[in-house]
Structure formats: C-alpha cells, structure tokens
Amino acid sequence: PTVQLDGPATILVYLGFGGGHAAITDNRDFRIALDAAIARGGLDGLGAGERTVPTRDPVPLELGGPALPDGHRDARLADAQAALAAAATAVPALAPAAIGAVTLEILVDGSRPDDREIAERVVIALDKLGVASTIAAATAPELARRIAAGTCDLYVGQLAIAVPTPALMYAAAYAVGGDGAVAVKLAGGGTIDTVRARAAFAKRLPIVPLVDRGVRLHVRRDLRGAWFDTGARLGVADLFRWGK
C-alpha cells in the first residue's frame with residue numbers, strides 16, 4: 001500500500017539551441033518567432049496527472065513567476081511572422097526563396113516520452129514558419145554530450161536548481177543557454193528587478209521556456225514519510241520504516 005506525494009511545479013521544461021545551423025538558431029529574431037509560434041495550450045495535460053503549468057518565463061508561477069497572459073496559450077502567428085521577416089534580413093537561409101531547404105533536428109531524451117510530445121509541438125510551430133524539422137531520440141548521456149558539443153539544432157531540456165530564487169532561476173536559464181557572463185552576474189547575489197529581468201530575457205531568449213512541471217511519487221505506507229522542497233527535490237532523511 002502506498003500514499004501519493006506531489007511536488008511543486010518548479011522543474012522547467014524548455015527548448016534549447018545548438019550549433020548545427022548556428023546562423024539560424026543563434027539569431028534572436030528567429031528565436032522570438034519560434035517562441036511566438038509555439039502553442040502552449042494543452043501542455044498542462046502532459047504526464048500522468050502531475051502538476052504542469054505552461055509558461056513563457058524561467059521563473060515558475062509557484063515561485064513568484066508570471067501567469068501566462070490571456071491569448072498566450074495559442075500561437076501568436078502575426079508576431080511570429082513579423083519576427084521571422086526580421087530574421088530573414090540577416091539570415092539568407094530564412095529568406096522566402098530559401099527557407100524550404102532548411103531542416104532542423106530536435107533532440108529529445110528517449111527515456112522521457114513527454115519530451116517527445118513537446119517536441120512535436122515545436123515541429124508544428126516550425127512548420128508554420130516554413131521550416132522543416134525532424135525529431136531524434138537519444139540516451140541521456142548522448143543527449144548531454146551532443147548538447148555540450150553543440151552538435152544539434154534544437155533540444156528539449158529540463159532544468160531544476162537547488163536554490164530556486166528568481167535571480168538564480170534566470171541565471172540557470174542563461175547558463176544552459178550558453179550566456180555565461182550574464183549567468184555569473186545574476187548568480188552573484190542580491191535581489192533583481194524582475195520586471196527588467198523579464199524584459200531583457202524576452203529580448204535575448206537564451207532558451208524558450210515551455211512548461212513548469214512537478215514530480216509525482218508513490219511512497220510505501222510503512223515508511224515514515226517523504227517530502228519535496230521548493231525546487232522539487234526529494235527529501236530522503238525521513239524515509240525509514242516505522243519502528244526501525
């Protein structure tokens with residue numbers, strides 16, 4: 001017999017960028033276009049009942065982040081097309097005459113089926129922009145190796161940190177996005193102006209936040225108990241059997 005334990009929705013699932021087609025994926029207007037083209041509606045139905053919250057911000061709602069604004073659950077195609085047009089002025093491969101020749105690869109962890117479902121949303125968004133894409137599953141070590149080497153175009157990642165304050169959540173997002181200088185500055189301590197930080201993040205988009213999720217655990221009844229901290233990490237100090 002077990003009891004059910006649900007953790008907070010503070011693990012960020014995001015879309016990351018590699019260097020396979022760096023001229024495209026490094027372009028901020030392309031990232032803005034892709035962010036706008038991805039529909040978040042329905043992402044709160046991922047998983048097997050654990051808490052999921054669609055988002056566009058690296059700070060989870062449960063830790064003071066903003067709720068997804070009205071109208072932002074659906075794709076914002078007008079904004080996406082405007083950003084794509086701006087990207088095409090700097091990236092010839094995104095020009096209307098050439099964009100059909102581009103195919104981007106989206107890497108996912110093969111052990112996380114929900115990540116593939118998210119990648120399928122990204123495929124749809126890219127298709128709206130006129131960019132073809134494929135999904136490739138990899139083992140966790142291979143995924144980590146290819147991300148570190150930059151030998152991918154896009155990937156679905158998950159981010160959880162030990163001390164989930166707004167400043168450190170932004171720092172972690174910049175760090176996994178390859179912007180180490182900003183990450184170090186944000187991680188240096190002190191408070192931040194979250195309004196300014198949010199605006200700066202939206203302009204740079206080192207990663208594209210998609211959904212915050214929790215973890216669901218079933219714990220044997222004969223154990224004293226278990227708990228999740230605010231970073232969705234499992235506390236094991238109390239996991240012993242009664243009377244032992």
From [X] atom [atom1] to [Y] atom [atom2], the distance as rounded to the nearest 0.5 Å:
| X | Y | atom1 | atom2 | value |
| --- | --- | --- | --- | --- |
| Arg112 | Ile118 | CZ | CD1 | 9.0 Å |
| Glu120 | Glu117 | CD | CD | 6.5 Å |
| Thr134 | Glu105 | OG1 | CD | 5.0 Å |
| Leu107 | Thr151 | CG | OG1 | 7.5 Å |
| Lys203 | Ile32 | NZ | CD1 | 9.5 Å |
| Arg145 | Thr139 | CZ | OG1 | 9.0 Å |

Heavy-atom side-chain contact between [X] and [Y] under 4.5 Å:
| X | Y | answer |
| --- | --- | --- |
| Thr52 | Leu43 | no |
| Leu210 | Arg40 | yes |
| Ile207 | Leu12 | yes |
| Gln158 | Asp115 | yes |
| Leu104 | Ile106 | no |
| Val122 | Ile38 | yes |
| Thr2 | Val219 | no |
| His21 | Val131 | no |

Verify, without hydrogens or angle tests, whether [X] (side chain) and [Y] (backbone) share a donor-acceptor contact under 3.5 angstrom.
| X | Y | answer |
| --- | --- | --- |
| Arg28 | Asp26 | yes |
| Arg56 | Asp35 | yes |
| Thr25 | Gly18 | yes |

What's the shortest heavy-atom distance between [X] and [Y], and which atoms?
| X | Y | answer |
| --- | --- | --- |
| Phe201 | Pro58 | CE2-CD, 3.8 Å |
| Arg221 | Val3 | NH1-CG1, 3.4 Å |
| Ala23 | Val91 | O-CG2, 3.3 Å |
| Leu143 | Tyr155 | CD1-CB, 4.4 Å |
| Pro206 | Tyr174 | CG-CD2, 3.6 Å |
| Pro60 | Thr10 | CG-CA, 3.8 Å |

[Y] reachable from [X] in the ILVMFWY side-chain graph, under 4.5 Å edges:
| X | Y | result |
| --- | --- | --- |
| Val59 | Leu61 | no |
| Val53 | Leu15 | no |
| Leu94 | Leu77 | no |
| Ile124 | Val156 | no |
| Leu68 | Val211 | no |

Requested in this report: Give the intermediate values and the outcome of side-chain contact (heavy atoms from CB on, under 4.5 Å) for residues Tyr170 and Ile192.
Outcome: CA-CA 10 Å; Tyr170 276 110; Ile192 62 170; 3.8 Å; yes

Report task. Report the C-alpha separation of Leu63 and Asp212 in whole Å, then their side-chain angles, then the decisive distance to 0.1 Å, and conclude whether the side-chain contact (heavy atoms from CB on, under 4.5 Å) test is met. Result -> CA-CA 11 Å; Leu63 296 176; Asp212 296 312; over 6 Å; no

Query raised in the report: Thinking salt bridges, do Asp193 and Arg198 make one under a 4.0 Å N-O criterion?
Result: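 The answer is no: the pair does not qualify as a salt bridge.
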
Query raised in the report: Pairs in or reaching into residues 147-164: which pass salt bridge (charged side-chain N to carboxylate O under 4.0 Å, His left out), with residues at least two apart or in two chains?
Result: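 Of all non-adjacent pairs touching residues 147-164, none passes salt bridge (charged side-chain N to carboxylate O under 4.0 Å, His left out).
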
Requested in this report: Could you list all the salt bridge (charged side-chain N to carboxylate O under 4.0 Å, His left out) pairs where at least one residue sits in residues 2-24, not counting sequence neighbours?
Outcome: Asp6-Arg216

